[in-house]
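Read through the structure below, which is laid out as structure tokens, and then see the notes.
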There are 2 protein chains.
Amino acid sequence: MTPPVTPAQNPATGQIPAAEARGPRNEPRNTKDDSLRDLIERGDFAGAQAWARERQVWEVVDEIDRMRPVDAVAAFRLLDPERAFDVFEDLEPNGQQAILEVMRGAEFSEFVDSLEPDDRARMLGELPAKVARRVLAGLSPEERAMTATMLGYPEDSAGRYMTPQVVVLRENLSAGAALAHVRARGADAETIYTLPVVDTQRRLTGVVDLRELVLADAETTVAELVVTSPPHVRATEPAERAARLMADENILDLPVVDAEGRLLGLLTFDDADEVIEDADSEDASRQGGAQHWGGHYMAVSVLQLARTRAVWLVLLLVVSLLTVTVAHGFEDALEEVAALALFIPLLIGTGGKVGTQASSACVRALAIGEVRPSDMVRVTLREAATGLLLGAGLGLLAIGAGLFFTGLDVAVVVGVSLLLICLLGALVGGLSPLVARRFGIDPALVSAPVVTTVVDVLGLVIYFVVASALLGL
Amino acid sequence: MTPPVTPAQNPATGQIPAAEARGPRNEPRNTKDDSLRDLIERGDFAGAQAWARERQVWEVVDEIDRMRPVDAVAAFRLLDPERAFDVFEDLEPNGQQAILEVMRGAEFSEFVDSLEPDDRARMLGELPAKVARRVLAGLSPEERAMTATMLGYPEDSAGRYMTPQVVVLRENLSAGAALAHVRARGADAETIYTLPVVDTQRRLTGVVDLRELVLADAETTVAELVVTSPPHVRATEPAERAARLMADENILDLPVVDAEGRLLGLLTFDDADEVIEDADSEDASRQGGAQHWGGHYMAVSVLQLARTRAVWLVLLLVVSLLTVTVAHGFEDALEEVAALALFIPLLIGTGGKVGTQASSACVRALAIGEVRPSDMVRVTLREAATGLLLGAGLGLLAIGAGLFFTGLDVAVVVGVSLLLICLLGALVGGLSPLVARRFGIDPALVSAPVVTTVVDVLGLVIYFVVASALLGL
């Protein structure tokens, strides 16, 4: 949340610049301007400081994320103290680590003690153990206990992302008394917009929005304003599930409870946004057939980039050797009718595309909850029908086109094979994500490269079998 | 942190059900339960009503989204009136249309008049013109004017998604007076958590969070609490850009202004979530090589599904015919060294995978702002280096594997070709999204199918040129 700005404001200076002065997203305000990185690399620290002061927090974060660690530290040192926290909390773990490593003694303790508990717990989960121990040792006992509790929840669980610092209410309070309580306790809480209502055992019984409290008469009771049975999650549930639930229900902050239903904290909207952005980035990486590196694209090294991609490539190269084996088995047919070889790239390429379309649709539909694991039969029927429709149309086109290069017999083989390969592609692409989910594997791992490899191998078999049958090879 | 407050509560009424009673996301509470669709199709309306009453809004929405329109209408009629609005606003346009079409006279006018202005404007943008006109005619003059203004902004712009009903403050108010103003005006506003501060010309000068107002002393002035130069967007800017800015800055509600900087409304967090989910779903469809249908996967018909996929498939099939042409041009070489044909699927398949990895990484990095259009040179160098690294490793593997099937000369041809094809794939995949963006085309259109098609054609040329050169064909 934004800190208050104290001094009274001069109307001459307080005016915000016209929208275009700040420049739309993704484009520097003035393309002729130097970037913060340029300024730091040139050693123009006064210029860098001025640059950072004029920019929004996300612009500063994005620039620092792109720097080498040594420059990131230099840039961070130039920030105004009140912005440094906001910038730090949004940085990639690499930059956070570099900055922490150069801090000493009291400065270090004070800094890590002042971070939000949820940001700190997540940061600790990503730091090397040595740095993490130093951070923990630097905390006050109270903050250390809170952080240790949060670190006890599984990685990527709601417990890691929630804020434990919330203001809770009881049902028998009047709205006026509740508001007074919020005023008294609210300064330390990360949010006061969602006020969980608990019983004497601290079990969650409902939530009240601050909005309702502010708009209500002072004599109304909390019991009249409370929404009972609110959506909530357990601390051990995946944070992504919690965040998607919040998006589905338009919820600002989601209560997090333990196995007995006792309130532990709130998952706030900004952390939920981060969870979803990370989950979707991970899905995008996996759908592209790479491991997720979890860092900024421009900051990750070429070696790391190659490593995230090599695993799948080598694995799929080995599987692709099956295509050589299949073609090898039909080498006589290829030598007899050389024209058959001409259509191999077109056939298996198209099958891979149909499979890619089906898998990406199903992976996304699973991710946002439109498709459920129990939909397997319906999805199979839908994708099979779609694949047959597409295959029929493309098969006819391919027969027509084939006649330019070869005789009718081979053209018909190509058309019939394409029909079957499209059906195959749609089935492999549509079903695999659901099968993966059923086995507890992330459906996003069913990527275009995986689908195309499977379709390449099976598609070749279909092609040669159809050719052998129709051409009597 | 914040200990529970004041006296005890009646434990009999306030208890929430245990977390598992509600069931985690994506899984029905009890797999043996009937779904709402089953109940409606069976005509068990009492059961359906009970089902809907026990479920969260998003569960009801998801069930209705999956129904045929006639069943959707029946299900909607069973909802408690106070939930009907929440459900309606989250439905897919198909369902909304079916429901509106059966409403008559006063019921219809009352219903559409009560929708939130931003939800109504977006719904109208997606309804057929005839239905949209009927909705507009049913509105009160005031609501009609507001809706017409919002419909004047471009589709998918911030103006379509903002809420115009906001509570604004002046800087010279005291916190106490400001809070009284919020109480007086807040009931009609979609949000009161972000309070824009404007000057006498209604130009945006800052924002105050309700949190600051509630926690401040009554005598503090708004000028002391205001955050000046807040992030904001113009109504004509794309809603996606606004929503991503909110996520980057952890902003709850974003002020929307006109060209002169005058306040028009606020983009609220829930609408921003919807914008990002839709944008990411559209990217996922496009990345899969299909048009985005914009509906629920389980509700869209097989014919529609096939249509969204056919356009790219036909287009790419035509381009893929170039592979036949290329292979045709080298038919003599293929007949001379038949072993060359064996490796075609492996070579172009691997090139397409490297290209897919690069393009999906760059498309996502562009979407979330990690890569900027000005990074073209750096991205090219990074992807080229990555492609060479991967190609060198895979090329060596391919030479080794090739020796199982053929002689050293062809194996070396395969290895060298693979090196070059990996470089090609990385460059095509990494650069195309940036080139697309530069020409104002959505980078997500650079999909795995597009990249593999380009790599298929150019990769074949590389393979045959290398083979001709090294084997002296």
Side-chain angles (χ1 to χ4, degrees), chain A residues 2 4 8-9 14 16 19 25-26 58 165 167 170-171 185-186 199-200 204-205 215 234 241 245 247-250 269-270 273 280 284 288-290 296-297 302 305-306 309 320 323-324 327 335 338 341-342 344-346 349 353 356-357 360 364-365 369-370 385-386 389-390 401 448-449 456, chain B residues 1-2 5-6 8-9 14 16 19 25-26 58 186 212 215 223 225 227-229 234 241 245 247-250 269-270 273 280 284 288-290 296-297 302 305-306 309 320-321 323-324 327 335 338 341-342 344-346 349 353 356-357 360 364-365 369-370 372 385-386 389-390 448-449 456:
Chain A
T2 25
Q9 178 215 29
I16 58 158
R25 195 166 185 286
N26 280 344
W58 71 266
Q165 297 175 313
V167 181
R170 291 299 180 80
E171 287 202 346
R185 303 295 189 123
D199 65 14
T200 49
L204 177 72
T205 61
L215 297 181
R234 282 213 242 172
R241 180 180 292 167
L245 174 61
D248 282 341
E249 286 272 321
N250 301 333
F269 79 99
D270 49 338
D273 282 350
D280 283 349
H296 194 289
Y297 173 82
V302 167
L305 217 50
R309 298 177 184 178
S320 290
T323 62
V324 186
E335 274 176 19
L342 303 181
I344 291 176
L346 178 117
K353 279 156 213 161
T356 300
Q357 292 177 329
S360 61
R364 179 69 184 167
E370 285 183 359
T386 308
L389 258 177
L390 292 169
D456 281 358
Chain B
M1 218 36 215
T2 329
V5 222
T6 43
Q9 179 218 21
I16 58 157
R25 195 168 185 284
N26 279 345
W58 71 266
E212 304 304 328
L215 296 181
L225 300 172
V227 174
T228 55
S229 302
R234 282 214 241 171
R241 179 180 294 169
L245 174 61
D248 282 340
E249 286 271 322
N250 301 333
F269 79 99
D270 50 337
D273 282 350
D280 283 348
H296 193 291
Y297 173 83
V302 167
L305 218 49
R309 298 178 183 177
S320 289
L321 285 173
T323 62
V324 186
E335 273 176 21
L342 302 183
I344 291 176
L346 178 115
K353 279 156 213 160
T356 300
Q357 292 177 329
S360 61
R364 180 68 185 168
E370 286 183 358
R372 311 168 188 162
T386 308
L389 258 176
L390 292 169
D456 281 358

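Below, all heavy atoms of this structure are taken into account, side chains as well, without hydrogens, waters or symmetry copies. On a predicted model such as this, the values are computed, not experimentally measured, just so you know.
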Of all heavy-atom pairs between A:Gly288 and B:Gln357, which one has the smallest distance, and what is that distance?
-> O-CG, 3.1 Å
With chain B, the option among A:Ala365, A:Gly349, A:Pro345 that has the most non-hydrogen atom pairs under 4.5 Å is A:Pro345
All side chain to side chain contact (heavy atoms under 4.5 Å, CB included) counterparts of A:Ala306, not counting sequence neighbours | B:Thr386, B:Leu389, B:Leu390
Would you say A:Thr200 and A:Arg170 make side-chain contact, with heavy atoms under 4.5 Å?
-> yes
Part of A:Glu335 lying under 4.5 Å from any heavy atom of chain B | side chain
Partner chain A: residue of B:Pro449, B:Gly289, B:Ala338, B:Ser320 with the largest heavy-atom pair count (under 4.5 Å) | B:Pro449
Quick one: of A:Asp456, A:Leu346, A:Leu305, A:Asp273, who has the most non-hydrogen atom pairs under 4.5 Å with chain B?
-> A:Leu346
Verify, without hydrogens or angle tests, whether B:Glu370 (side chain) and A:His296 (backbone) share a donor-acceptor contact under 3.5 angstrom.
-> no
Measure A:Arg364 against the heavy atoms of chain B and call it side chain, backbone, both or neither at under 4.5 Å.
-> side chain
Where on B:Ile344 is there a heavy atom nearer than 4.5 Å to chain A: the side chain, the backbone, both, or neither?
-> side chain
Contact origin within B:Phe269 toward chain A - heavy atom pairs under 4.5 Å = side chain
Chain A shares the most heavy-atom pairs under 4.5 Å, among B:Asp270, B:Val302, B:Thr323, with B:Val302
Look at the side chain of B:Glu212 and the backbone N and O of B:Leu225, then say whether any donor-acceptor pair between them is shorter than 3.5 Å.
-> no
Who pairs with B:Ser360 by side chain to side chain contact (heavy atoms under 4.5 Å, CB included), at least two apart in sequence or on another chain?
-> B:Gln287
Evaluate the side-chain proximity of A:Trp58 to B:Asn250: yes if any heavy-atom separation is below 4.5 Å, no if none is.
-> no
In terms of heavy-atom proximity below 4.5 Å to chain B, should A:Ala448 be classed as side chain, backbone, both, or neither?
-> side chain
Select one option (side chain, backbone, both, neither) describing which atoms of A:Asp280 are under 4.5 Å from chain B's heavy atoms.
-> both
